[in-house]
Amino acid sequence: MRIIVAGIGGNVGKSTLAAHLLVPRMNNAKLLIVESINQDTKDLVDDFETVRGEKFRQIYLELVVNDDLVVDVGASNAEDFFAGLTSLNQGYDEVDFFLIPTVPGSKEQDESILTARMLAAMGVDKSKIRIVFNRVRRSVEEEFPVLLNAAKEFDCFIANPDCMVFENDIYADLAGLKMPLNEACVFAENSLHKLKTDLRKVAKFSEQYFRYARLLNVAKKAVNTSGQLDDAFSALFGEAEDAVK
Amino acid sequence: MAKGQARISLHGQRDVLIKLLKEYVTLSDMALVLRGVDVHVSTSSLYRYMLSDLSEEYKEYLWHTGRGLLKSRQGQIQSQGRGASRLKVTVSREQADAKISNQKDFNKFMSTNR
């Protein structure tokens, strides 16, 4: 699958979702980072490349030559990227899905809706434009009324409330530790007892203590978080995976 | 109305107010709803009650809706001329349906909708 994670607004978790939700569930797909500011996710994947949004020719080439590719379009490059998309005739034809993350907050939801509408206006099929509800605290219905209403009104994109990722501080800790989630799951299984012992030993040394405290948080949450992401991925692309099988 | 009377009246409607906050109803609309149950309070009294007695719920309501933020108010001022609602996304279904087939269309779409 080739998936573009994009949105004209920033700080909705595009890079986090690309690195933790998509890449590990797509045969460790190559991550193409179309971004000039946020480079954190580089440390979390094996195969990545960075490119500027105006180099759409190169991006399109990557879409053609890769079977599995995640393109993470940072907000700072989004307009250049979409302008590039319109410079080709059906520049989206190699893309299986456009994933648009959104978070609670009316501004962010408005921007996600606008992104979806824009793609639909470019001719992208409704079934290819999918919303993922990110940083959910309680429930999608309660926190995203604006977006759910717009999905009904415009009927040009898919907003399935099951495609959701809960608010979770593990992502910040994983980024700080430069540790992918699957590595954290292995770490949790093999090293939790030793970690607790070590944490007691370094309790007096603030810098080490901080790192070990982060590791403990990651170790205790990794497995559950991974399960939640599995569910979100199935809800997002389950039917596409079934079609491939 | 005697000082404190509004707060006393509103205290009996606490559960209703929490429900209305969760539905993101505006304070002025809440005041209208309350009139239906014979509670007559001004929007400013309601606002003060939110701050004093339902501060957590109100804070969350503001966080979700973006109401009261300077950037939200500027958005409203800009959209008033076009007769738009709070949500820019509901402004122009016709514009959403206009096809974007080249960069000029894209630029037009962005300048119209942002």
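In what follows, every heavy atom counts, from backbone to side chain, and hydrogens, waters and symmetry copies are set aside. First the proteins, then the strands, lettered A, B, ... as listed; each starts at 1.
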Q) Heavy-atom distance under 4.5 Å to chain B: side chain of Leu85(A), backbone, both or neither? A) neither

Q | Considering all heavy atoms, the nearest Tyr24(B)-Glu143(A) contact | A | OH-CA, 3.8 Å

**Q.** Residue pair Gln103(B) / Ala83(A): nearest heavy atoms and the distance that separates them
**A.** NE2-CB, 3.7 Å

Q | Residues in side-chain contact (heavy atoms from CB on, under 4.5 Å) contact with Arg35(B), at least two apart in sequence or another chain | A | Leu32(B), His40(B)

Q) With chain A, which of Met110(B), Lys104(B), Glu23(B), Lys22(B) has the greatest number of heavy-atom pairs at distances under 4.5 Å? A) Met110(B)

Q: Report the option among Glu142(A), Gln90(A), Met118(A) that has the most heavy-atom pairs separated by less than 4.5 Å from atoms of chain B.
A: Met118(A)

(Q) Which residue is it: Ile100(B), Asn102(B), Asn107(B)? I am looking for the one with a side chain to side chain contact (heavy atoms under 4.5 Å, CB included) to Thr86(A). (A) Ile100(B)

Q.
Before you tell me yes or no, could you show the steps for Leu114(A) and Phe109(B) under side chain to side chain contact (heavy atoms under 4.5 Å, CB included), namely the whole-Å CA-CA distance, both residues' side-chain angles and the distance that decides it to 0.1 Å?
A. CA-CA 10 Å; Leu114(A) 190 57; Phe109(B) 181 91; 3.7 Å; yes

**Q.** Partner residues of Lys59(B) under the side-chain contact (heavy atoms from CB on, under 4.5 Å) criterion, sequence neighbours left out
**A.** none

